[in-house]
Each structure stands twice: as structure tokens, then as C-alpha cells.
Amino acid sequence: MNDTTSTQSLPLLGKTAFVTGGSRSIGAAITKQLAADGAQVAFTYRGSPDAAKQTIADIESAGGRALAIVADAADPEAVRAAITKTVETFGGLDILVNNAGIASASPIDQITFEDYQSMLAVNVTGVFVATQEAVRHMKEGGRIVHIGSSATKYAGVPGLSVYGLTKGAITGFNRSLAYDLGSRGITVNTVHPGPVDTDMNPVDSEWAKLLIPGIAVGRYGKPNEIASVVAFLASPQASYVTGADILVDGGFTS
Ligand code: NDP
């Protein structure tokens, strides 16, 4: 970033981003991509401090600035405090990415109420709390990107009914939110990944063998293939994209 020409071309230079669940997998790829595009990035994590340190090291060694904050997405006070710390550290907030999510697969007659409550707390309440707190700080040009799921919005998957309930809620939330925030120049969009090789959904599993034949491009996605779309939606170039559901699924639901 010392080179003047490359600095001028960075689309997120001077912006501050906050990513939930940025220590590993898709969230780490998003965090690194936003930093590579010039943003200073804060991210939350819950249980993987070594992965969080690695994400910070990767960003700093590339010349970026990042902050890792322990904050359970299911804990509203922790999420609000993390956003406050981000604003105090970096001087504002321009971009929110609601990435943290958990999935527990079970048929409806076997899923426990505790699993239901956990998914609701992280995947829905966590999104609401982070969004409400973030928009209190955002100005004209703010960007919000939620991570949904192509499987649960566009195609049923056995055992994922409750996960689908939580991810489907994001789409409903986002439609009206686009109107609430449009007059303030803030966009809100949902990226729906298809199967992506992460700790949550590893490509070397039996489950993956069943899914791959149904993916048009014939393979799982990589975290950076989600991150690049999120980074575009976070950029000034995406100023007329809002209230949208963006599929990034290799044709899984085509
Ligand atoms: P992983 O489980 O591989 O990684 C999850 C990340 O979120 C980790 O950084 C983890 O951090 C963090 N996290 C989990 N729970 C919490 C919590 N309660 N509070 C704070 N941070 C938390 O998931 P993926 O990267 O695969 O998934 C990311 C998002 O993409 C999720 O919303 C998921 O539903 C969605 N998605 C994933 C797909 C896939 O195929 N992988 C497909 C469609 C959607 P730590 O370990 O430090 O707690």
C-alpha cells in the first residue's frame, strides 16, 4: 500500500468495516478481502483465538490494519460493545458484514429446543442486534451485507429446516430494511453462498459427495469466491444495489 498508484485504486480506502465471525473460513476471507481493498477491519470471533491471530497477522503483513474482538454473536451486549470498540478505535463505521452463523442438521422430530434456540440466537438475533447498532453509526454511503444460504432460500435440504428458518428470516428482514435505510444512502444486501469448503461444510465429507453432482460448476466454492462478491457490495461501485438477494452458488440452485 506504499505505492501511490495502487493506493489510489483501492475501493475501500478510508472505510471501516466490522465483520462478525471473522476468525476462520468465509468470515476470514471476507475480512482479508476488505482489508486488501483498503478498509480497516474489525472482526468478532468466539472460540478460535489462534485463527483470529492468524487472520490479524495475514492482514498486517500485507500492510493492512485489523482488530479482533471476542464477542459471541448470541450475546447482544457483547455485540454492541464490539461495535462501540470498533468505532472508538477506527473513528467510525462504514461497512457491516453479518457473517457469523451456525448450522445444526436434524429432522424436525429430532432437533432439540436448545439447538433451535442457539441457531435463532446467532443467525437471527445476532444479525438484528449488529445491524441496529451499526446503523446508529453509519453515514451516507454505508454498506450492510448479510450472509444467507442458497440451500435454504432457494432449495430445500433434508435436516436443515431450522437452519433454513433462520436464514430465510434474513431475507425478510432485509427487504424492508432497504427502504428504511435507502433515504440515508445506506445499502443492504444478502449474499447466499452455495456449498463452500469450510470447517462448517468440508469438501472431503460424505455430505459433499452427495452435493457435488448437483452443483453446475461441478465443485465446492472457495471462501474467497464469496468474499469477492461481498467486497463488491461493500464498495462505492455497488451504490445502486440494495434489498437484493445475490446467489453465489456455482449454479447449485440453477
Ligand atoms: P464456519 O463454521 O466454518 O466458520 C464460522 C465463523 O463464525 C468462525 O470464524 C467462527 O469463529 C464464527 N462464529 C461461529 N459462531 C459464532 C458466534 N456465536 N459468535 C461469534 N462468532 C462466531 O462457517 P462458514 O464459514 O462455513 O459459514 C460462514 C457463514 O456462511 C455462515 O453464516 C453460514 O451459515 C454461511 N453459509 C455457509 C455455507 C458453507 O457451505 N460453508 C453455505 C451457505 C451459507 P470462532 O470459531 O472463533 O468462534
Side-chain angles (χ1 to χ4, degrees), residues 18-33 41-56 58 66 68-83 96-105 115 117-127 129-130 145-157 160 162-171 190-205 207-208 210-212 214-215 219-227 229-230 245-250 252-253:
F18 179 85
V19 180
T20 64
S23 57
R24 297 183 283 113
S25 303
I26 293 172
I30 292 170
T31 302
K32 289 186 225 178
Q33 183 64 59
V41 188
F43 67 87
T44 62
Y45 66 102
R46 186 183 55 171
S48 306
D50 291 344
K53 276 185 204 140
Q54 187 59 53
T55 299
I56 293 278
D58 290 346
I69 306 168
V70 182
D72 186 343
D75 177 347
E77 281 314 310
V79 172
R80 290 188 195 109
I83 290 177
L96 165 69
V97 183
N98 280 311
N99 165 78
I102 55 172
S104 172
D115 278 347
Q117 285 183 308
S118 296
M119 278 188 272
L120 211 60
V122 175
N123 300 358
V124 179
T125 307
V127 170
V129 171
V145 184
H146 313 292
I147 304 299
S149 169
S150 82
T152 59
K153 173 157 169 56
Y154 297 94
V157 177
L160 288 186
V162 173
Y163 178 71
L165 183 156
T166 64
K167 291 296 186 176
I170 293 176
T171 292
T190 309
V191 167
H192 295 279
V196 178
D197 182 20
T198 65
D199 298 328
M200 178 190 280
N201 189 4
V203 72
D204 56 359
S205 66
W207 172 252
L210 294 173
L211 291 187
I212 286 171
I215 304 171
R219 65 170 176 84
Y220 262 39
K222 299 172 196 140
N224 62 10
E225 292 177 303
I226 307 303
V229 178
V230 172
D245 290 295
I246 316 278
L247 274 170
V248 189
D249 73 347
F252 181 52
T253 55

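None of the values given here were measured: they were computed from a predicted structure. All values below come from the heavy atoms of this structure, side chains included, with hydrogens, waters and symmetry mates left out. Read the numbers this way: they start at 1 and go in the same order the structure lists the ligands and their atoms. All residue numbers in this chain count up from 1 along the given sequence.
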Need the ligand 1 atom indices (1-based, order shown) with element for anything under 4.0 Å from a heavy-atom of I26.
25 (O), 30 (O), 37 (C)
Look at atom 38 (C) of ligand 1 and find which of G126, P195, G194 reaches it with the closest heavy atom.
G194
Please state whether G148 comes within less than 4.0 angstrom of ligand 1, counting heavy atoms only.
yes
Ligand 1 to I102, heavy atom cutoff 4.0 Å, flagged ligand atoms 15 (N)
Distance-only side-chain donor-acceptor flag, D115 / S104, under 3.5 Å
yes
Is A51 in contact with ligand 1, taking contact as a heavy-atom separation below 4.0 Å?
no
Proximal atoms of ligand 1 relative to I147 (non-hydrogen, under 4.0 Å):
29 (C), 30 (O), 35 (C)
Return a yes/no value for S23: is any of its N or O atoms, backbone included, closer than 3.5 angstrom to an N or O of ligand 1?
yes
So is there a nitrogen or oxygen of S149 less than 3.5 Å from a nitrogen or oxygen in ligand 1?
no
Could you tell me whether V196 and ligand 1 have an N or O pair separated by under 3.5 Å?
yes
Atoms in ligand 1 with a heavy atom of G101 nearer than 4.0 Å
31 (C), 32 (O)
Applying a heavy-atom cut-off of 4.0 Å, say which part of K167 lies close to ligand 1: side chain, backbone, both or neither.
side chain
For atom 8 (C) of ligand 1, the closest protein heavy atom turns out to be R24 NH2, 3.5 Å
Mind checking whether G27 has an N or O less than 3.5 Å away from an N or O of ligand 1?
no
Give yes or no for whether the N/O distance cutoff of 3.5 Å, strictly under, is met between P193 and ligand 1.
no
Just to confirm my output: which protein heavy-atom neighbour is closest to atom 34 (O) of ligand 1, and how far is it?
Y163 OH, 2.5 Å
Closest to atom 31 (C) of ligand 1 among protein heavy atoms sits N99 O, 3.3 Å
Ranked by distance from atom 12 (C) of ligand 1, the top protein heavy atom is G21 CA, 3.5 Å
Students should be able to answer this: which protein heavy-atom is nearest to atom 20 (C) of ligand 1, and at what distance?
A71 O, 3.4 Å
Less than 3.5 Å between some nitrogen or oxygen of S150 and one of ligand 1, yes or no?
no
Kindly confirm or rule out an N or O of A74 lying under 3.5 angstrom from an N or O of ligand 1.
no
Check step by step if side-chain hydrogen bond (donor to acceptor under 3.5 Å, both in side chains) holds for D58 and Q54.
CA-CA 6 Å; D58 290 346; Q54 187 59 53; 2.8 Å; yes
Atoms in ligand 1 with a heavy atom of A73 nearer than 4.0 Å
17 (C), 18 (N), 19 (N), 20 (C)
Hey, is T20 one of the residues with a heavy atom under 4.0 angstrom from ligand 1?
no
Go through ligand 1 atom by atom and flag the ones less than 4.0 Å from a non-hydrogen atom of S48.
45 (P), 46 (O), 47 (O)
Numbering the atoms of ligand 1 from 1, which are under 4.0 Å from a heavy atom of V122?
18 (N)
D72: numbered ligand 1 atoms lying under 4.0 Å from its heavy atoms
17 (C), 18 (N), 19 (N)
Residue pair H192 / D245, side-chain donor-acceptor N/O under 3.5 Å:
yes
